[in-house]
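Comments concern the structure below.
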Amino acid sequence: MTEFWLISAPGEKTCQQTWDQMMVATTRNNNLSTNNKFNIPDLKVGTLDVLVGLSDDLAKLDSFIEGVVKKVSQYMADVLEDSRDKVQENLLANGVDLVTYITRFQWDMAKYPIKQSLKNISDIISKAISQIDNDLKARASAYNNLKGNLQNLERKNAGSLLTRSLADIVKKEDFVIDSEYLITMLVVVPKTSYADWQKTYETLSEMVVPRSTNLLFEDHDSGLFSVTLFRKAIDDFRHKARENKYTVRDFQYNEQEMNADKEEMTRLSTDKKKQFGPLVRWLKVNFSEAFIAWIHIKALRVFVESVLRYGLPVNFQAMLLQPNKKNMKKLREVLNDLYKHLDSSAAAVIDSAMDIPGLNLSQQEYYPYVYYKIDCNLLDFK
């Protein structure tokens with residue numbers, strides 16, 4: 001369970017006191033959650049108008065970045081294909097696992113200088129994540145095309161004898177080559193009909209060369225036989241073969257074409273291997289970038305919302321709670337109790353909602369305290 005509740009409450013006499021009260025309420029006797037202080041630096045407040053506008057912008061930016069974080073992690077899982085169990089160890093933020101990063105969050109002063117306005121900081125983040133989103137689209141498209149082409153070729157070389165490529169099965173010596181009159185045909189015969197084939201192939205049409213059939217390859221259901229006949233009998237032979245439930249494959253031995261196919265497969269396979277390493281590295285680096293940006297946006301939202309709700313001077317304690325899964329409802333009640341004095345209208349809505357069955361409050365998720373959820377369950381394994 002990796003869901004966090006990022007909340008804030010105004011400083012009582014001191015912010016430490018706010019923290020102590022919350023700790024007593026949620027951990028002393030009831031183990032409702034594991035808690036950490038969430039450190040937000042002294043950001044520039046700006047005007048009330050700017051904060052109100054920014055509050056909406058940050059909400060949109062929050063869900064945009066969450067979407068990008070999920071896309072990058074999901075694509076990492078797609079690229080790692082058979083080693084999906086390795087995905088989690090590649091999804092790190094600043095070189096540590098996500099829970100550690102969030103619980104020990106420190107504002108990145110170098111990337112997001114706090115002398116800048118809140119609007120500028122959010123613009124820096126927005127620009128960087130849009131760039132990651134665009135790069136991901138381009139890289140994924142190139143890699144998926146390569147992978148798709150390779151899979152198509154692999155599919156051509158697998159599957160049943162009725163459809164698969166025969167280039168890796170047949171050899172030059174299986175065919176009569178460059179004869180003006182004779183041609184070697186390839187026929188797929190069900191295993192249950194081998195005996196019938198041997199008895200009848202010479203008489204399926206005129207001009208079949210006696211004793212010219214050879215079994216070249218078998219799969220689960222059928223065998224691939226060669227048979228030599230005169231060119232003028234091709235159409236008649238095809239027709240009679242079909243009547244007897246044998247399938248004549250359209251195939252002419254052409255060494256250049258067959259080699260080109262093999263070379264293409266080798267080239268695609270090599271290209272895919274070459275691109276794999278750099279792509280995984282790019283995904284790792286940019287997952288980290290996007291995730292770090294996302295948590296900074298959460299910090300900005302808490303800051304803006306706390307100033308708007310609790311007023312100036314800035315005096316609030318941001319706290320990160322990791323709810324104990326079994327006690328989430330109880331934790332919510334305890335927090336509402338602890339903070340209902342902050343906003344009587346929110347408390348009234350919550351109290352009435354608790355009495356009205358079927359009213360789902362979680363859709364608007366408004367509480368007397370500032371609250372944002374951080375959900376680290378990023379991978380939606382299908």
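Predicted model only: the values in this text are computed from it and were never measured.
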Checklist entry - Aromatic ring centroids of Trp197 and Tyr194 under 6.0 Å? => result no
Checklist entry - Can you tell if the side chain of Glu305 reaches within under 4.5 Å of the side chain of Tyr371, non-hydrogen atoms only? => result no
Item to check | Pair Asn35-Thr26, side-chain hydrogen bond (donor to acceptor under 3.5 Å, both in side chains): steps then yes or no | outcome: CA-CA 9 Å; Asn35 307 325; Thr26 59; 2.8 Å; yes
Checklist entry - Do the side chains of Asn31 and Asn324 get nearer than 4.5 Å, heavy atoms only? => result yes
Next on the checklist: Does any part of the side chain of Asp133, heavy atoms only, come nearer than 4.5 Å to the side chain of Lys71, both counted from C-beta?
Outcome noted: yes
Checklist entry - Under 3.5 Å, is there a donor-acceptor pair between the Asp97 and Thr100 side chains? => result yes
Item to check | Derivation of the side-chain hydrogen bond (donor to acceptor under 3.5 Å, both in side chains) call for Tyr75 and Asn144 | outcome: CA-CA 11 Å; Tyr75 195 60; Asn144 291 351; 2.7 Å; yes
Item to check | Leu80 CG to Gln88 CD distance, which is reported to the nearest 0.5 Å | outcome: 11.5 Å
Checklist entry - For atom NZ of Lys274, is the number of surrounding heavy atoms from other residues, nucleotides or ligands below 6.0 Å larger than 12? => result no
Checklist entry - Has Glu154 got more than 12 heavy atoms of other residues, nucleotides or ligands less than 6.0 Å from its CD? => result yes
Checklist outcome for this item: Closest non-hydrogen contact found for Val208 with Leu229 is CA-CB, 3.9 Å
Item to check | Cluster check Leu308, Phe38: I/L/V/M/F/W/Y, side chain < 4.5 angstrom | outcome: yes
Checklist entry - Val69, Val96: one ILVMFWY side-chain cluster at the under-4.5 Å cut-off? => result yes
Next on the checklist: Between Met185 and Arg238, does the side chain to side chain contact (heavy atoms under 4.5 Å, CB included) criterion hold? Intermediate values first, please.
Outcome noted: CA-CA 9 Å; Met185 312 273 295; Arg238 265 183 203 287; 4.2 Å; yes
Checklist entry - Can you check whether Leu224 reaches Val170 side chain to side chain, under 4.5 Å on heavy atoms? => result yes
Checklist entry - Has Gln252 got more than 12 heavy atoms of other residues, nucleotides or ligands less than 6.0 Å from its CD? => result no
Checklist entry - Can you name the one residue among Val189, Asp219, Thr247 that meets side-chain contact (heavy atoms from CB on, under 4.5 Å) with Leu161? => result Asp219
Next on the checklist: Let me confirm one number: the CD-CG distance from Glu264 to Leu150, rounded to the nearest 0.5 Å.
Outcome noted: 9.0 Å
Checklist entry - In Å, rounded to the nearest 0.5 Å, how long is the span from CZ of Arg301 to CG of Asp57? => result 11.0 Å
Checklist entry - Are Leu268 and Leu279 connected, step by step, through hydrophobic side chains (Ile, Leu, Val, Met, Phe, Trp, Tyr) whose heavy atoms are closer than 4.5 Å? => result no
Checklist entry - Crowded around Arg267 CZ? As in, over 12 foreign heavy atoms under 6.0 Å? => result yes
Checklist entry - Just by modelled atom types, is the Val50 backbone N or O under 3.5 Å from a matching donor or acceptor in the Thr47 side chain? => result yes
Checklist entry - Looking only at heavy atoms, which two atoms of Tyr246 and Pro190 are closest? And how far apart? => result CD2-CD, 4.3 Å
Next on the checklist: For Glu243, I'd like to know if atom CD has over 12 heavy atoms of other residues, nucleotides or ligands within 6.0 Å.
Outcome noted: yes
Item to check | Check: Ser226 main-chain N/O paired with Thr213 side-chain donor or acceptor under 3.5 Å | outcome: yes
Next on the checklist: Any side-chain to backbone donor/acceptor pair from Ser130 onto Ser126? Under 3.5 Å, distance only.
Outcome noted: yes
Checklist entry - Can you find a pair of side-chain heavy atoms, one from Ser269 and one from Lys272, that are under 4.5 Å apart? => result no
Checklist entry - Measuring from Met76:CE to Leu136:CG, what's the distance to the nearest 0.5 Å? => result 11.0 Å
Checklist entry - Is there a donor-acceptor pair under 3.5 Å between the side chain of Arg164 and the backbone N or O of Asn157? => result yes
Checklist entry - Would you say the side chain of Glu202 lies within less than 4.5 Å of the side chain of Arg211, judging by non-hydrogen atoms? => result yes
Item to check | hydrophobic_cluster_shared for Ile374 and Leu58, side chain cutoff 4.5 Å | outcome: yes
Checklist entry - Can you tell if the side chain of Val280 reaches within under 4.5 Å of the side chain of Val79, non-hydrogen atoms only? => result yes
Checklist entry - Are the side chain of Lys298 and the backbone N or O of Lys373 linked by a donor-acceptor pair below 3.5 Å? => result yes
Checklist entry - If you group Ile, Leu, Val, Met, Phe, Trp and Tyr whenever their side-chain heavy atoms sit less than 4.5 Å apart, what else falls in with Val285? => result none
Next on the checklist: Taking atom NZ as the centre, does Lys330 end up with more than 12 heavy-atom neighbours from other residues, nucleotides or ligands that are less than 6.0 angstrom away?
Outcome noted: no
Item to check | Residue Lys245 excluded, over 12 heavy atoms near NZ under 6.0 Å | outcome: no
Checklist entry - If you round to the nearest 0.5 Å, how far is CG of Asn214 from CG of Leu186? => result 11.0 Å
Item to check | Heavy-atom closest pair, residues Phe237 and Val227 | outcome: CZ-CG1, 3.7 Å
Next on the checklist: I'd like to know if the side chain of Tyr367 reaches the main chain of Leu335, judged simply by a donor and an acceptor atom lying under 3.5 Å from each other, with no hydrogens or angles considered.
Outcome noted: no
Next on the checklist: Walk me through whether Glu81 and Lys147 qualify under side chain to side chain contact (heavy atoms under 4.5 Å, CB included).
Outcome noted: CA-CA 11 Å; Glu81 291 175 72; Lys147 196 165 129 182; 3.9 Å; yes
Checklist entry - To the nearest 0.5 Å, how far apart are OG in Ser222 and CG in Leu162? => result 5.5 Å
Checklist outcome for this item: Correct closest heavy-atom pair for Val45 and Leu51 would be O-CD2, 3.4 Å
Please list every donor-acceptor pair under 3.5 Å in which a side-chain atom of residues 174-181 meets a protein atom from a residue at least two apart or in another chain.
residue : atom : partner : partner atom : Å
Asp174  : OD2  : Lys171  : N            : 2.8
Ser179  : OG   : Tyr181  : N            : 3.2
Ser179  : OG   : Leu182  : N            : 2.9

Next on the checklist: Quick check: closest heavy atoms across Leu61 and Ser122, and the distance to 0.1 Å?
Outcome noted: CD2-O, 3.6 Å
Next on the checklist: With a 6.0 Å cut-off (strictly less than), is the heavy-atom count around NZ of Lys232, excluding the residue itself, greater than 12?
Outcome noted: no
Checklist outcome for this item: Taking every heavy atom of Val370 against every heavy atom of Arg309, the minimum-distance pair comes out as N-NH1, 3.9 Å
Checklist entry - Do the rings of Phe291 and Phe287 sit parallel, tilted or perpendicular, given the 30° and 60° boundaries? => result parallel
Checklist entry - Is there a donor-acceptor pair under 3.5 Å between the side chain of Thr228 and the backbone N or O of Thr184? => result no
Next on the checklist: Do Asp236 and Met207 have side chains that approach each other closer than 4.5 Å (heavy atoms only, starting at C-beta)?
Outcome noted: no
Checklist entry - Would a hydrophobic clustering, with Ile, Leu, Val, Met, Phe, Trp and Tyr connected at side-chain separations under 4.5 Å, put Met319 with Val334? => result yes
Checklist entry - Have Tyr372 and Asp62 got a donor and an acceptor in their side chains that come within less than 3.5 Å? => result no
